[in-house]
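Note that these values count all heavy atoms, side chains included, but never hydrogens, waters or copies made by symmetry. As the structure is a prediction and not an experimental result, all values here were calculated from the model.
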Amino acid sequence: MEDKLRFIDPHVHMTSRTTDDYEAMAEAGVVAIIEPSFWLGQPRTQVGSFQDYYSSLVGWEPFRASQFGIKHYCTIGLNSKEANNEALAEQVIELLPLYLHKENVVAIGEIGYDDQTPAEDKYFRMQLEMAKELGMVVQVHTPHRDKKAGTIKSMEVCLEHGLDPSMVVIDHNNEETVQEVLDRGFIAAFTIYPKTKMGNERMVEVVRKYGSHNIIVDSSADWGVSDPLAVPKTAGLMLRSGIEKTDVVNTCYQNALAIFGKNGKMKESDWMNSQGVNQTQLFNDNSVLRGQEPKIDSDKIV
């Protein structure tokens, strides 16, 4: 039963991962991912760095994912940490509209608070207004420090700007924040890390207590110690722990599809009717291969 499930990881930073991770994710049943734009580990110093990064999220990375049978979507935004460089932030805000209409961009994100500074608040609000104007889903990064207060503030600001809570994914939740997020009608996403934030076992207990309505599991795997297989691993542990299969499907597949599919760019048919893997394809004259024999799903290639 478990090996027949399909998974969506709606928050994974594949720019930081290797092709081995894509292969392992596909083998584990991951059919689609969403890659939020984020802080790359050190500050960017010019707007061109953001432009090249965003371009990779709508160009190279979707191609790379396709070479392993995974459909790639992304969210575009100015992250909270780099919002504190206001001179640069102003330029990035002007850049965003060039990317928000791209075919694989399903939300504005991940945006929100880091240290909850006035600059972070300013650019968070500006991007919420963009989302409201464009009718886009918002993916919110809640702060790692003072999380409960930061999470509540994030939701209050969204409501202040007139956003529908059902259009806002509040990510990086834990046991301290989940009730408040659900009570206010927002989508509660949980980042599963091997050692910190939410672990697999804790996630099982959250679903056991709260059910699966408006709850999403993701990995947020990035350049740090993290696990790109967190979603299928958590799903497996849920099943072994007696969680109903319906709740597993909802939290590890269906709920992500429902929220991020609202703008029509992300559809189940994108992977259910896929033409399969064809590693003879190139992107700007580049392939993911280094001398290996290309894999071709010949039964699907027309």
Exercise for the section: Please report the closest heavy-atom contact between Ala221 and Asp227, naming both atoms and the distance. Expected result: CB-C, 3.9 Å

Practice task
Output, in order, the C-alpha distance, side-chain angles, deciding distance and verdict of side-chain contact (heavy atoms from CB on, under 4.5 Å) for Val231 and Val30.
Solution key: CA-CA 8 Å; Val231 174; Val30 176; 5.6 Å; no

Problem - Any pair counted as ring pair (Phe, Tyr, Trp, His ring centres under 6.0 Å), so long as it reaches residues 83-105, sequence neighbours left out - result: Tyr54-Tyr99

Practice task
Begin from the C-alpha positions of Asp183 and Gln179 and carry the test side-chain hydrogen bond (donor to acceptor under 3.5 Å, both in side chains) through to its verdict.
Solution key: CA-CA 6 Å; Asp183 286 349; Gln179 185 72 67; 2.8 Å; yes

Exercise for the section: Report yes or no: do Val138 and Ile187 belong to one cluster of Ile/Leu/Val/Met/Phe/Trp/Tyr joined by side chain heavy-atom distances under 4.5 Å? Expected result: no

Completion exercise
CG (Asp247) and NE2 (His213) are apart, to the nearest 0.5 Å, by 12.0 Å

Exercise for the section: Specify whether Trp271 and Tyr253 have parallel, tilted or perpendicular ring planes, treating 30° as the upper limit for parallel and 60° as the lower limit for perpendicular. Expected result: perpendicular

Exercise for the section: Please confirm whether the backbone N or O of Val277 pairs with a side-chain atom of Lys295, one donor and one acceptor, at under 3.5 Å? Expected result: no

Exercise for the section: Consider only side-chain N and O atoms of Ser226 and Arg17, and report whether a donor and an acceptor are under 3.5 Å apart. Expected result: yes

Handout entry: Heavy-atom side-chain proximity of Leu5 to Cys252 below 4.5 angstrom
Key = no

Handout entry: Within one Ile-Leu-Val-Met-Phe-Trp-Tyr cluster: Tyr73 and Phe38, side-chain cutoff 4.5 Å
Key = no

Exercise for the section: Taking the side chain as every heavy atom from C-beta outward, state whether Asn255 and Asn214 have any pair of such atoms under 4.5 Å apart. Expected result: no

Problem - Backbone N/O of Val47 and side chain of Gln91: donor-acceptor pair under 3.5 Å - result: no

Problem - Beyond-backbone contact of Thr234 with Phe190, side-chain heavy atoms, under 4.5 angstrom - result: no

Practice task
Please determine, by modelled atom types, if Ser166 and Asp164 share a side-chain donor-acceptor pair under 3.5 angstrom.
Solution key: yes

Practice task
State plainly whether the residues Glu180 and Lys148 are in salt-bridge range, i.e. N to O under 4.0 Å.
Solution key: no

Practice task
Determine, for Lys122 against Glu86, whether the closest basic-nitrogen to carboxylate-oxygen distance falls under 4.0 angstrom.
Solution key: yes

Handout entry: Lys/Arg N to Asp/Glu carboxylate O, Glu205 vs Arg202, below 4.0 Å
Key = no

Practice task
Report yes or no: does Asn284 contribute a side-chain atom to a donor-acceptor pair with the main-chain N or O of Asn286 at less than 3.5 Å?
Solution key: no

Problem - Donor + acceptor pair across side chains of Ser16, Asp222 (<3.5 Å) - result: no

Practice task
Kindly give the heavy-atom pair with the smallest separation between Ile8 and Ala256, and that separation in Å.
Solution key: CG2-CB, 4.0 Å

Exercise for the section: Could you go through the side-chain contact (heavy atoms from CB on, under 4.5 Å) check for Ser154 and Phe186 one step at a time? Expected result: CA-CA 11 Å; Ser154 298; Phe186 291 83; over 6 Å; no

Handout entry: Check: Asp52 side chain, Ser49 main-chain N or O, donor-acceptor pair, under 3.5 Å
Key = no

Handout entry: Close side-chain approach of Ile93 and Tyr123, heavy atoms under 4.5 Å
Key = yes

Practice task
For the pair Lys153 and Glu156, find out whether any cationic side-chain nitrogen is under 4.0 Å from an anionic carboxylate oxygen.
Solution key: no

Fill in the blank from the handout: Between Met167 and Ile259, the two heavy atoms sitting closest are CA-CD1, 4.0 Å

Problem - Under the ring-ring contact (aromatic ring centres under 6.0 Å, His included) test, residues paired with Phe283 that sit two or more places apart - result: Trp60, Phe63

Practice task
Answer yes or no: are there more than 12 heavy-atom neighbours, outside Gln292 itself, under 6.0 Å from its atom CD?
Solution key: yes

Practice task
Please determine, by modelled atom types, if Asn79 and Glu82 share a side-chain donor-acceptor pair under 3.5 angstrom.
Solution key: yes

Handout entry: Same apolar cluster: Met272 and Ile34, side chain cutoff 4.5 Å
Key = yes

Practice task
For residues Leu128 and Leu163, determine if any side-chain heavy atom of one lies less than 4.5 Å from a side-chain heavy atom of the other.
Solution key: yes

Handout entry: Within-4.5 Å side-chain heavy-atom neighbours: Asn85 and Pro43
Key = no

Fill in the blank from the handout: The single option from His141, His11, His172, Glu110 that satisfies side chain to side chain donor-acceptor pair (under 3.5 Å) with Ser220 is His11

Problem - Linked, directly or transitively: Val178 and Ile170 (ILVMFWY side chains, under 4.5 Å) - result: no

Exercise for the section: Quickly, which of His13, Met14, Glu35 forms a side-chain contact (heavy atoms from CB on, under 4.5 Å) with Leu57? Name it, please. Expected result: Glu35

Handout entry: Contact check, side chains of Thr45 and Leu88, non-hydrogen atoms, under 4.5 Å
Key = no

Completion exercise
By ring-ring contact (aromatic ring centres under 6.0 Å, His included), Phe68 pairs with (sequence neighbours left out) Tyr22

Exercise for the section: Please confirm whether the backbone N or O of Leu78 pairs with a side-chain atom of Gln127, one donor and one acceptor, at under 3.5 Å? Expected result: yes

Practice task
Would you indicate whether the side-chain heavy atoms of Leu100 and Met130 approach each other to under 4.5 Å?
Solution key: yes

Exercise for the section: Check the surroundings of atom CD in Glu244: do more than 12 heavy atoms from other residues, nucleotides or ligands lie under 6.0 Å from it? Expected result: no

Problem - Between Ser269 and Asn273: side-chain donor-acceptor atoms closer than 3.5 Å - result: no

Problem - Donor on one side chain, acceptor on other, Lys147 and Thr142, under 3.5 Å - result: yes

Practice task
For Asp115 and Thr117, test the side chains for any donor-to-acceptor distance below 3.5 angstrom and give the result as yes or no.
Solution key: no

Fill in the blank from the handout: Between the CG atom in Asp171 and the OG1 atom in Thr151, the distance rounded to the nearest 0.5 Å is 10.0 Å

Problem - Atom NZ of Lys102: over 12 foreign heavy atoms under 6.0 Å - result: no

Exercise for the section: Measure centre to centre between the rings of Tyr113 and Phe124, then say whether the value is under 6.0 Å. Expected result: yes

Handout entry: Pair Asp114 + Arg145, salt bridge at N-O below 4.0 Å
Key = yes

Handout entry: Flag if over 12 foreign heavy atoms under 6.0 Å of CD, Glu160
Key = yes

Completion exercise
Looking only at heavy atoms, the pair that brings Pro165 and Leu159 closest together is CG-CD2, 3.7 Å

Practice task
Might you point out which heavy atoms bring Leu239 and Lys245 nearest each other, and give the distance in Å?
Solution key: CD2-CA, 3.9 Å

Exercise for the section: Please check if atom CD in Glu27 has more than 12 non-hydrogen atoms from other residues, nucleotides or ligands closer than 6.0 Å. Expected result: no

Practice task
Determine whether the side chains of Thr75 and Gln139 contain a donor N or O and an acceptor N or O closer than 3.5 Å.
Solution key: yes

Problem - Same apolar cluster (I L V M F W Y, side chains within < 4.5 Å links), Met136/Leu257 - result: no

Handout entry: N/O donor-acceptor pair under 3.5 Å between Ser274 side chain and Gly276 backbone
Key = yes

Problem - Side chains of Gln116 and Asp121, donor plus acceptor under 3.5 Å - result: no

Problem - Donor-acceptor under 3.5 Å (Ser37 side chain, Gly109 main chain) - result: yes

Fill in the blank from the handout: Note: Val106 and Phe260 closest approach over all heavy atoms is CB-O, 3.6 Å

